[in-house]
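Accompanying notes for the structure given below.
In what follows, chains are A, B, ... by sequence order, proteins preceding strands, each numbered from 1. The figures that follow rest on heavy atoms only: side chains count, while hydrogens, waters and symmetry mates do not. A quick note: this is a predicted structure, and the numbers were derived from the prediction, not measured.
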Amino acid sequence: MSISLQETRVSFRQGTDSLLRRRLLHSRVFRVVCLLLTYSSLGILGILMGSVFWSSLSRLAPDFLSNHYSMNPVRCGILAGIWGSFWLVMLTAAFSIPIGVGSAVYLEEMASDTWLVRLIRINLSNLAGVPSIVYGILGLSAFRPLMLSLQTVFDGTRVVNVMGLFRVRILHLEIFDGSVLIGAMTMSLVILPIVIIASQEALRAIPSSIRVASLALGATRWQTIWRQVIPAALPGIATGVILAVSRAIGEAAPIMMIGVLTVASMCPGGIETPLQMLQDPTRLIAVPFDQFTAMPVEIYDWSKQPDPQDRFTAVAAAGIVVLLLVLLLINAAAMIVRARAGRNTQW
Amino acid sequence: MSKEKQVLSVPPSVQGVDRNLDTSLHPEAIDVRNLSFYYGDLQVLYDISLRVPERSVTALIGPSGCGKSTFLRTLNRMNDLIDGTRCTGECLVEGQNIMSPDVDVVLLRKHVGMVFQKSTPFPKSIFDNVAYGPRVAGERTRSVLNDLVESCLRKAALWDEVSDRLHTPAMALSGGQQQRLCIARTLATAPKIILMDEPASALDPASTDRIENLIGELCANYTIVIVTHNMQQASRVSHQTAFFFKGRLIEVGPTMKIFTSPTQKQTEDYITGRFG
């Protein structure tokens, strides 16, 4: 009796079952492979960042932020790029936020399920994947003629007869080809699909019970969207918009297509410090029509500078460090927005 | 005492509800005539005719999927929100057919309020939740809103619990409080009729008790139609009970009669728990 019991006793000791040992080995190998893949890409990224930072050290100084472009690499700075990118992003956001959020609200909240709406929904993600250079060509062919016609309207020689009563001379505005305005319009094309998709997802995350409850209280559809759905979705929308904008900061290709300056020693509207913006706000009018350059464009240009001693490499590296810091700040802002949202929303 | 056989031991009603009320003597708040309803090609309601007397509670009972919730939602056209729904027949509220295309659903829903199974407070303060209905209707005067919020919270038996924290998030209230908040929010739009879709099914017994007593108080001034799975609840809170089965209205009558001497076999089977 006792012998037969011992024979049927199950052992839980490791290594007793040879088949299981092989299965466990597979599992352990798989774990190591995944771990290596993860950390190798992280490691390469770390090495890249480290080497960029290392080579930027010789130029990374406060005056790098406050100097204009210079043929002398020791005095060359990114000021024009910072202001150019700033205005570019501001105008891009001004265009893409209303259009993007509005489209998302229409597609999610209002549109009935027709073939056209379905086609748009499906193609949004395709549009988000289109290379940005394509949008650059689009901007060049679509927006540049617009700029040219604006130039002829605002050349300062045209006089309009207002209802036969008096004649008004249209003011003279200096409008450039590769202006901030056309750059922002092109960049809006690049990030619009991202803004729309992010906003759609934020809207979709709002439980329909909120909409139904609002409608049941006698709110119109517009009131429901404006007072309930959008406020509740705002953190999600804001996160998406911030991330899309950070993409706009890093893009060089589309604005190079429309002809931005690469060698710039001027800031749009001549504004070089925030103080000047307050002292002379009329300069703001000139900003959208002025020429500009952007940080990634400048970095690209510096890295191409023929310099026997390779001194512009440090300038380009310093530019990359500044650009990365800006992106880091923006992403941190997105994380803060998201964290705050998570605190208030529990359905 | 009647000699009719008692098919179910009927629990005592909540205060304010007379379950032997002769509903035919009351003026009607809702008069549904030959209502049929379709989701696409699928017919879910067959030729429903039902009178709901003013200032009374009508309970709709029946097994899951019998169409009682769909029927409730047609009474303030909430089914409009679902694509591909269709409706025939008439539903008269205040003598007007609300199914007619020229009816403004916003005006209708102000008159016919609704409380849902899952309490859905907006992610705002308690005050803003109650003031939402009046605000979307255009009321901006602070003092008017203050008075309205207080009176509605009092009517919903919630004032004493929240009066010192009106501006804290409504999401922080307990489930039962949230549901009473939703009732207060509905009262704030000054409806005449309140539709309740299983308002207590997600609540604990104590909160359910409070909601039921509240219904008993409210029916002095409002017409209430309530869908419930809980037959004890139906028998406690309603003047009139309607039994739905497979999209048809099988039987409707004074609650006491339905629960003690139903005329239809299906009603009796359901009430005694033989199915459903």
Could you report the tightest heavy-atom contact between B/Phe116 and A/Ala213, atom names first, then the distance?
CE1-CA, 3.8 Å
Hey, could you give me each pair passing side chain to side chain donor-acceptor pair (under 3.5 Å) that has a residue in residues 122-133 of chain B? Not counting sequence neighbours.
A/Ser214-B/Tyr132, B/Ser125-B/Asp128, B/Asp128-B/Arg135, B/Asn129-B/Arg185
Show your working on side-chain contact (heavy atoms from CB on, under 4.5 Å) between B/Leu81 and A/Leu215 and close with a plain yes or no.
CA-CA 10 Å; B/Leu81 302 175; A/Leu215 291 169; 3.4 Å; yes
Quick one: which residues of residues 70-78 of chain B reach chain A at under 4.5 angstrom, heavy atoms only?
B/Met78
Using a cut-off of 6.0 Å, state whether more than 12 heavy atoms not belonging to A/Met110 lie near its atom CE.
yes
Residue B/Thr186 versus chain A: region with a heavy atom under 4.5 Å:
both
What do you reckon, is CG of B/Asp104 surrounded by more than 12 foreign heavy atoms closer than 6.0 Å?
yes
Contact list (residues 218-228 of chain A to chain B, heavy-atom gap under 4.5 Å, by number) returns A/Gly218, A/Ala219, A/Thr220, A/Gln223, A/Thr224, A/Arg227, A/Gln228
Minimum-distance pair of heavy atoms, taken over all atoms of A/Ile210 and B/Pro123:
CD1-CD, 4.0 Å
Would you indicate whether A/Met277, at its atom CE, is surrounded by more than 12 heavy atoms from other residues, nucleotides or ligands within a distance under 6.0 Å?
yes
Give a yes or no on whether A/Tyr106 atom OH has more than 12 heavy-atom contacts from other residues, nucleotides or ligands under 6.0 Å away.
no
Could you check if a side-chain atom of A/Leu217 sits within less than 4.5 angstrom of a side-chain atom of B/Val136, using non-hydrogen atoms only?
no
With a strict 4.5 Å heavy-atom criterion, list every residue of residues 111-124 of chain A that contacts chain B, or say none.
none
